[in-house]
Amino acid sequence: MGGKTNTGIIMNSRNKLLKIYNGRVITPYRLIENGAILIENGKIVSVNAGDINCSGAQTIDAQNNYVSPGFIDIHTHGGGGHDFMDGTVEAFLGAAKMHALHGTTALVPTTLTAETVDLLQTFSVYNQAKNLNIDGAQFLGLHLEGPYFAMSQKGAQDPRYIRKPKKVEYEAILSHSQDIIRWSAAPELEGAFEFGREMSNRGILPAIGHTDATSDEVAEALENGFTHLTHLYSGMSGVMRRNAFRFAGVIESAFLFDQLTVEIIADGIHLPPSLLQLIYKQKGPSRIALITDSMRAAGLGSGESILGGLKDGMKVVVEDGVAKLLDRTAFAGSVATADLLVRNMMKLAGVPLLHAIQMITTTPAQICRIENRKGSLTTGKDADIVIFDDNILVKTTIINGRVVANKL
Ligand SMILES: [Zn+2]
């Protein structure tokens, strides 16, 4: 749109205007050199090539840095010393704030397999925290990771609580919260297809995760509502042999079924550059979401930490840029932040900037079915914006038009 005069915009105390100018603006369609964005009352009202004449607006000179949609992390357990299962509002707010400083403007707090009482406590704390979260990445809703998983693919999930899906049980869990938007489960378990249909009917994203399914079982899962794959390559089957016959596993299914969206922990450690390249080559940027899957030590340094809630979490050690079980036989979550994921996709996997950004903005928004509100810089969208330099170091984070961090 032209937007040169913006005569339709009337200034008064309620119409809060913010202009970002002199930036390299990333839209879903192109990179606008020397672009500008006008925000009114938390929404984007104009995206322009060149400056926008607008008196009375608060302004940010982007200083030729990139101006991007805010990052959307659809799978994270915490950060900044906090886990979303700590049972406190402070943990939610603290993790959200830390991630916002790294460019994340919206995230999906994720629970670990735990006792039902701890899940219910997390629901009630989430409910309080969402209204108090002013300076942190917004909460999009909860992701339940477990407990309906294959024991053989439990990873760092607590085996005491892993079980088959039972309708009466998950209906009871859902009755305690309106905030669940995503639930990961193993589709080969008895009752899992019914679970997938039920989640899909309720508008909750059923995701395939921690699973030993064959490709036939994945196909049937897709026929029963599952559409998304939780952390591709982590906690899932590859080609398997049964009595000399080979079967494709979940990993092959990710590449076999184009429609299946995937998420990847692009911390540079869970997946080596070759696998990042393979996934990108085969799935493309419209089917991949970059996730941190971060645990509480994200944004902190190395040393001992706790995976899961403070009360009954598991001792782990953070070293070499990743959390590990104490015996170092498996990773126990990442310590990544979203800016690192983008940097890794570009530097380790050779992905162009606009595709790397798509995988942490538009694609996760589409997977969560919020692309009409978030994930791109076009008029009418929520003003969730991050400004960063050529090294993807974050300068400014804006959430719903509010500047929550600014180093410019
Ligand atoms: Zn996780």
Side-chain angles (χ1 to χ4, degrees), residues 71-80 82-86 91-92 95-96 98-99 104 106-114 118-119 122 126 137 139-151 153-159 161-162 179-186 204-211 226 228-236 250 254 261-271 288-299 305-310 312-314 316 318 321-325 330-338 340-341 360 364 367-368:
F71 303 147
I72 299 173
D73 184 359
I74 63 173
H75 186 158
T76 167
H77 297 271
H82 308 283
D83 188 288
F84 294 120
M85 294 197 74
D86 281 349
F92 273 86
M98 190 285 295
H99 283 290
T104 301
L107 54 76
V108 181
T110 299
T111 62
L112 280 170
T113 300
D118 290 331
L119 272 185
T122 303
Y126 175 92
F139 303 128
L140 294 174
L142 288 164
H143 167 207
L144 307 190
E145 190 173 10
Y148 309 131
F149 286 151
M151 192 61 84
Q153 296 287 357
K154 66 182 169 45
Q157 303 279 338
D158 193 328
Y161 309 119
I162 289 178
D179 297 311
I180 295 158
I181 63 161
R182 166 171 184 195
W183 200 331
S184 294
I204 295 169
L205 175 73
I208 297 168
H210 294 270
T211 161
F226 288 86
H228 183 67
L229 188 52
T230 300
H231 47 47
L232 174 55
Y233 278 102
S234 297
M236 61 182 60
V250 177
T261 55
V262 304
E263 61 184 32
I264 55 174
I265 308 168
D267 64 346
I269 294 168
H270 279 75
L271 299 169
I288 303 167
L290 307 181
I291 56 159
T292 62
D293 196 8
S294 57
M295 47 85 71
R296 77 171 66 242
S305 187
I306 295 169
L307 179 72
L310 282 177
D312 58 357
M314 194 186 313
V316 297
V318 177
V322 69
K324 301 171 184 173
L325 300 183
F331 295 141
S334 95
V335 292
T337 49
L340 178 74
L341 308 179
I360 190 83
I367 290 168
C368 291

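Start at 1 and go down the list; that is how both ligands and their atoms are numbered. Numbers here simply count residues along the sequence, with the first being 1.
The main-chain N or O of His231 is found under 3.5 Å from a side-chain atom of Glu263 such that the two form a donor-acceptor pair. No donor-acceptor distance shorter than 3.5 angstrom exists from the side chain of Thr104 to the backbone of Ala106, with no hydrogens or angles considered.
Expressed to the nearest 0.5 Å, how far CD1 of Ile208 lies from OG1 of Thr230 amounts to 8.0 Å.
Among the backbone and side-chain atoms of His75, an N, O or S atom lies under 2.8 Å from the Zn ion (ligand 1). Metal site remark for the Zn ion (ligand 1): His143 contributes no N, O or S atom at a distance under 2.8 Å.
The nearest N/O/S atom of Asp293 to the Zn ion (ligand 1) is OD1.
The Zn ion (ligand 1) lies at the vertex of an angle of 80° between the NE2 atom of His77 and the OE1 atom of Glu145 (rounded to 10°).
Defined by atom type and a distance below 3.5 Å, a donor-acceptor pair is missing between the side-chain atoms of Gln153 and His210.
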